[in-house]
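Have a look at the structure below, then the notes.
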Amino acid sequence: MMETQLIIEVLILLILVIVTRVLYLIHKITTGYSRKSEIKRTTPCKILICIGSGGHTTEMLQLIKNINFAKYKPRYYTMAKTDKTSHDKVVNFEKAKEGISSNYTIIEVPRSREVHQSYITSVITTLYSTLYSLPIVLGIMPDVIICNGPGSCVPICVVSFILKCMFIKDIRIVFIESYCRVQTFSLTGKILTYLADNFLVQWPDLKNKLKRAEYIGQLM
Amino acid sequence: MGSKHLFVTVGTTKFEKLISALSDEKILDILAKLGYTSIQFQTGNGHFKKVSHQLIDIKYNKYFEDFQNEIKQSDLVISHAGAGTCLEVLKTGKPLIVVINEDLMDNHQIELAKHLSQKEYLYYCTCDTLKDILTKDLNLLKAYPLADANIFSNYLDQCMGFQ
């Protein structure tokens, strides 16, 4: 009898600790305390770039076009298995920037949510892709994740948030809301409001709707 | 008037209504009056009826490998509301009319077209109001300002502690 009570008490304590840690991190993130790295960096950082599809891919490559590849290496790109166009775009992008000796890897993941999927089935597929993302993020252990939607980046961000909660690795998440979002946020944006250390929007109107969002000027 | 070239693009999906609206005899007459002597359609996957006009040379292609080049060669682009296409045309500095596909529900790209038209970078309309928009003065449109290409990389460097 005593023993079960002890186990229950320890469990409750554990849950409380976890909840506090999660809430603390979300508070830190949403108030903008984690916007900038506290330490100066001198070594290159491992970067994971979540490639969406179609317009998202084009936007992402436009964003990272001028990042210094000497500082951001090695580079990992995740993209949907079926997305041949994005695959080609990334290969051409790397080739144009670094030539054949480029230091990058493409990782293919299952799609997390089809465009017209119902909410219930998308919860299941999201759970599935979260499990799928676990070995990817653990295998890479990136320093920073960059994503601009759509849904496929959410599981990866969730996993890296969990790692952050567990003090395993402080992975910075940078989210950029899509250029075509002028008045409303995407579903990915709504979720990543709580997880992304840096949350950029491309239109001032959108910044006015979410206090924590940042508008740093015209990106496209 | 000269001989002007119009490029019509529907992107990677299909937008049959736009192609048929621009294939209308009356619309083609208006275009001829405005000085257009050739039209290039990029049709995507949709079904459509090929038409001809005595004053306008009309060509159809499903897709273009060098999309940028087609934009460069045109005097006006009429396009679907895809953000990527809009941006590409605006950056090239060509006048742009965006036609919204009303059949698509929950289409947030309309938001973008409206916003960009408020800023006077482009005109936007539906297939039904295309006729009225065509006669608008394209010289009134403002040039799209080019973004600072390093803005994001500088931001990222700051976040990561490189600066």
Side-chain angles (χ1 to χ4, degrees), chain A residues 34-47 53-60 62-72 85 115-116 143-144 146 148 172-174 176 178-187 196-198 200 202-206 214-220, chain B residues 9-13 44 63-68 79-92 98 100-101 104-119 121-122 124 142-163:
Chain A
S34 58
R35 260 184 205 168
K36 277 182 189 166
S37 165
E38 282 154 19
I39 37 166
K40 282 264 172 255
R41 206 186 168 86
T42 46
T43 50
C45 71
K46 249 190 243 175
I47 186 168
S53 58
H56 288 282
T57 310
T58 317
E59 268 188 43
M60 178 57 85
Q62 172 74 28
L63 285 170
I64 59 168
K65 199 174 167 188
N66 283 356
I67 63 169
N68 185 344
F69 274 16
K71 288 179 188 166
Y72 299 94
T85 326
V115 176
H116 295 294
D143 296 299
V144 58
I146 300 194
N148 66 339
R172 173 173 294 278
I173 302 172
V174 180
I176 307 100
S178 169
Y179 176 78
C180 57
R181 292 294 177 164
V182 182
Q183 299 284 346
T184 54
F185 289 97
S186 63
L187 181 62
D197 302 281
N198 301 88
L200 293 184
Q202 302 202 36
W203 297 102
D205 286 2
L206 214 48
E214 270 187 286
Y215 174 75
I216 57 169
Q218 187 187 332
L219 298 177
M220 292 290 133
Chain B
T9 171
V10 305
T12 46
T13 50
Y63 299 106
F64 284 100
E65 277 292 315
D66 194 355
F67 191 69
Q68 186 83 44
S79 126
H80 71 125
T85 314
C86 290
L87 256 177
E88 213 168 337
V89 178
L90 290 177
K91 280 186 191 166
T92 319
V98 168
I100 283 160
N101 191 351
L104 292 179
M105 294 297 284
D106 182 38
N107 189 353
H108 58 261
Q109 299 204 320
I110 295 171
E111 244 178 54
L112 179 69
K114 281 184 183 164
H115 190 76
L116 290 172
S117 90
Q118 272 169 15
K119 298 212 161 223
Y121 298 140
L122 52 82
Y124 90 95
K142 288 181 185 156
Y144 184 76
L146 293 181
D148 171 5
N150 291 318
I151 193 164
F152 181 75
S153 48
N154 288 338
Y155 175 81
L156 192 63
D157 280 354
Q158 270 175 28
C159 297
M160 292 312 297
F162 278 122
Q163 275 179 17

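Residue numbers start from 1 in every chain, and the chains themselves are labelled A, B, ... in the order their sequence lines are given, proteins ahead of strands. Values below: every heavy atom of this structure, side chains too, minus hydrogens, waters and symmetry copies.
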* Heavy-atom contact with chain B under 4.5 Å, split by part of A:Thr184 -> both

* Asked: Does NZ belonging to B:Lys114 count more than 12 external heavy atoms closer than 6.0 Å?
  -> no

* Asked: Which bit of B:Leu146 comes within less than 4.5 Å of chain A, counting heavy atoms only: side chain, backbone, both or neither?
  -> backbone

* With a 4.5 angstrom heavy-atom cut-off, could you sort out which part of A:Asp197 is near chain B: side chain, backbone, both or neither? => neither

* Asked: Tell me, side chain or backbone of A:Gln62 under 4.5 Å from chain B's heavy atoms, or both, or neither?
  -> side chain

* Would you mind checking which part of A:Lys65 comes under 4.5 Å of any heavy atom in chain B, side chain (CB onward), backbone (N, CA, C, O), both or neither? => neither

* Who among B:Ser153, B:Ala147, B:Ala149, B:Gly82 has the most heavy-atom pairs with chain A under 4.5 Å? -> B:Ala147

* Structure fact -> Cut-off 4.5 Å, heavy atoms of chain A, and the answer for B:Ile151 is both

* Do the side chain of A:His56 and the main chain of A:Asn148 share a donor and acceptor less than 3.5 angstrom apart? -> yes

* **B:Phe162 side chain near A:Cys45 side chain, heavy-atom distance below 4.5 Å** => yes

* **Partner chain B: residue of A:Ser37, A:Ser178, A:Ser34 with the largest heavy-atom pair count (under 4.5 Å)** => A:Ser37

* OH/B:Tyr144 to CD/A:Gln218 distance, rounded to the nearest 0.5 angstrom? -> 4.0 Å

* Quick one: does A:Asp205's side chain have a donor or acceptor within less than 3.5 Å of a partner on A:Val182's backbone? -> no

* Highest number of heavy-atom pairs under 4.5 Å with chain B: which of A:Thr42, A:Leu63, A:Thr58? -> A:Leu63

* Where on A:Thr43 is there a heavy atom nearer than 4.5 Å to chain B: the side chain, the backbone, both, or neither? -> backbone

* Portion of B:Asn154 that has a non-hydrogen atom of chain A nearer than 4.5 angstrom -> neither

* **side-chain contact (heavy atoms from CB on, under 4.5 Å) partners for A:Pro204, two or more places apart** => A:Tyr215

* **Rounded distance [0.5 Å steps], CD1 in A:Ile146 versus SG in B:Cys159** => 9.0 Å

* What residue, out of A:Lys36, A:Arg172, A:Glu59, has the most heavy-atom pairs lying under 4.5 Å from chain B? -> A:Arg172

* Classify the ring geometry between A:Tyr179 and A:Trp203 as parallel (under 30°), tilted (30 to 60°) or perpendicular (over 60°). => tilted

* Asked: Do A:Val174 and B:Phe152 have side chains that get closer than 4.5 Å, going by heavy atoms?
  -> yes

* Structure fact -> If one checks every heavy atom of A:Glu38 against chain B at 4.5 Å, the contacting part turns out to be neither

* **ring pair (Phe, Tyr, Trp, His ring centres under 6.0 Å) against B:Phe67, all qualifying residues, sequence neighbours excluded** => B:Phe7

* Asked: Picking from B:Met160, B:Gln158, B:Gln163, B:Lys91, which has the most non-hydrogen pairs under 4.5 angstrom with chain A?
  -> B:Met160

* Asked: So what's closer than 4.5 Å to chain B heavy atoms on A:Ile216: side chain, backbone, both or neither?
  -> both

